[in-house]
Undergrad: 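I have a structure I would like to understand better, so I am pasting it below and will then ask my questions one at a time.
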Protein chains: 2
Amino acid sequence: MRIGELARRTGVPTRMLRYYEEQDLLHPDRLANGYRDYPESAVHRVQQIRGLLDSGLTTEIIRNVVPFLNRPDEIHLHPDCLTAETAALLRGEADRIQARIDCMGRNLSAIRAYLAAVQPGAGDGPPA
Amino acid sequence: MRIGELARRTGVPTRMLRYYEEQDLLHPDRLANGYRDYPESAVHRVQQIRGLLDSGLTTEIIRNVVPFLNRPDEIHLHPDCLTAETAALLRGEADRIQARIDCMGRNLSAIRAYLAAVQPGAGDGPPA
DNA sequence: TTGAACCTTCACATCAATGTGAAGGCAAGC
DNA sequence: GCTTGCCTTCACATTGATGTGAAGGTTCAA
């Protein structure tokens, strides 16, 4: 598909899709006329990128982890290609993501606890 | 304590501590000479702010939720002070934080699954 | 063949978070 | 008193992710 359709289907502006390509997060083919040509899987890929970006990761980090996020049915990288350094880097990123999740989880609990204490029964479905 | 000690104890530069104050995330008292005077609890508060910032939240969002993150033993806000709008806003923020947690959790799982598939036993403790 | 709706690249603007440093006031010790 | 180290405010620079728009090529359909 071309860039406009991908933008429509993901809600990500074309400007950003080109930026992600510049940052080596996407690698669309080119049609004869120079237009970018994205595979169907790009929709999922873009959603992953957006989620990671929204979660505070930089494009540099995402560039490192995104090759490993493909669906299992896509064979894309042999374990042989995974150097020890890359694996360590990946584990490091995973740990940092875990720390963020933990941090947000703690704070979220505090917020929810506060809301529950102040307005019991609100937000978790009506009591009848 | 003064700003220098807080910076040392949290690892956050004084520049940022002043910025967080400007953003209404911190409200230190002032000594007679104009120096900022932080309570002991500011250490924890700053760590919360850093964690949320690292998790991709903006200072605006943090400003909205941070008053409700105090320890339960600190009575700081009567339920009366919580307008319906504030509660709704808070629930909205909570939902967005939840969405981030979910998103990061999915990506984290994918990364960990990949690592586990490629290097079973690494990172989860030695097999003996 | 003209116009609309795509696409291209390029460039400059913006915004939030942060770095850096100048110019100067205050406090403690020598 | 002077130096040293802390603090103050102010301002300008930078970085990463974006917005915006110009100038122009390509379909396609009326």
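Since this is a predicted model, take the numbers as computed values, not measurements. Just so you know, these numbers use all the heavy atoms, side chains as well, and skip hydrogens, waters and symmetry mates. Order of the sequence lines fixes the chain letters, A, B, ..., with proteins taken first and strands second; residue numbering starts at 1 for each chain.
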Undergrad: Under a 4.0 Å N-O cut-off, is there an ion pair linking A:D95 with A:R100?
TA: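 Between A:R100 and A:D95 there is no salt bridge, as every charged N stays at least 4.0 Å from the carboxylate O atoms.
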Undergrad: B:I62 CD1 to C:dA17 C1': how many Å, rounded?
TA: 11 Å
Undergrad: Is there a side-chain contact between A:T59 and the phosphate of D:dA17, meaning an N or O under 4.0 Å from OP1 or OP2?
TA: yes
Undergrad: Once you round to the nearest 0.5 Å, how far does CG of A:N64 lie from OG1 of A:T59?
TA: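 Taking CG in A:N64 and OG1 in A:T59, the distance rounds to 10.0 Å.
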Undergrad: Kindly say if A:R63 contacts the phosphate of D:dG16, meaning a side-chain N or O under 4.0 Å from OP1 or OP2.
TA: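 It does not, given that no N or O in the side chain of A:R63 lies less than 4.0 Å from OP1 or OP2 of D:dG16.
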Undergrad: Are B:R9 and B:E5 within salt-bridge range, i.e. N to O under 4.0 Å?
TA: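 Counted as a salt bridge, because a side-chain N and a carboxylate O are separated by less than 4.0 Å.
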Undergrad: Atom CG of A:L53 and atom P of C:dA16: how far apart are they, to the nearest Å?
TA: 17 Å
Undergrad: Could you pull out the closest heavy-atom pair between A:P67 and A:I62, with the gap in Å?
TA: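 In terms of heavy atoms, the two residues are closest at CD-O, 4.4 Å.
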Undergrad: Find the distance B:D54:CG to C:dA16:C1' and express it as a whole number of Å.
TA: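 Atom-to-atom, B:D54 to C:dA16, this comes out as 14 Å.
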Undergrad: Looking at B:R50, I'd like to know whether one of its side-chain N or O atoms comes within less than 4.0 Å of OP1 or OP2 on C:dT18.
TA: yes
Undergrad: Can you measure A:I3 atom CD1 to D:dT26 atom P for me and round it to whole angstrom units?
TA: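 Computing the A:I3:CD1 to D:dT26:P distance gives 18 Å.
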Undergrad: Drop me the distance from B:Q48's CD to B:T10's OG1, to the nearest 0.5 angstrom.
TA: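 So the gap between those two atoms works out to 13.0 Å.
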Undergrad: For the residue pair B:C103 and A:G51, what are the closest heavy atoms and their distance?
TA: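 Closest pair (atom of B:C103, atom of A:G51, distance): SG-CA, 3.3 Å.
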Undergrad: Can you see if the side chain of A:R36 gets near the phosphate of C:dC6 - specifically, an N or O under 4.0 Å from OP1 or OP2?
TA: no
Undergrad: Report all interatomic pairs (protein N or O, nucleotide N or O of nucleotides 25-28 of chain C) with separations under 3.5 Å.
TA:
residue: C:dG25; atom: N2; partner: B:Y35; partner atom: OH; Å: 2.8
residue: C:dA27; atom: OP1; partner: B:N33; partner atom: ND2; Å: 3.4

Undergrad: Expressed as a whole number of angstroms, how long is the span from A:I49:CD1 to D:dG16:C1'?
TA: 15 Å
Undergrad: Do the charged groups of A:E93 and A:R96 touch, with an N to O distance under 4.0 Å?
TA: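 A salt bridge is present here (some side-chain N lies under 4.0 Å from a carboxylate O).
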Undergrad: Identify, residue by residue, the members of residues 12-32 of chain A with a heavy atom below 4.0 Å from DNA chain C, and return them in order of residue number, or none.
TA: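 Contacting residues: A:R15, A:R18, A:R30.
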Undergrad: Does the pair A:Y20 and A:R15 meet the rule for a side-chain hydrogen bond (donor to acceptor under 3.5 Å, both in side chains), with working shown?
TA: CA-CA 9 Å; A:Y20 300 154; A:R15 170 71 175 86; over 6 Å; no
Undergrad: How many Å lie between CD on A:E5 and P on C:dA5, as a whole number?
TA: 18 Å
Undergrad: Spell out, as yes or no, whether a donor-acceptor pair under 3.5 Å connects the side chain of A:R63 to the backbone of A:Q23.
TA: yes
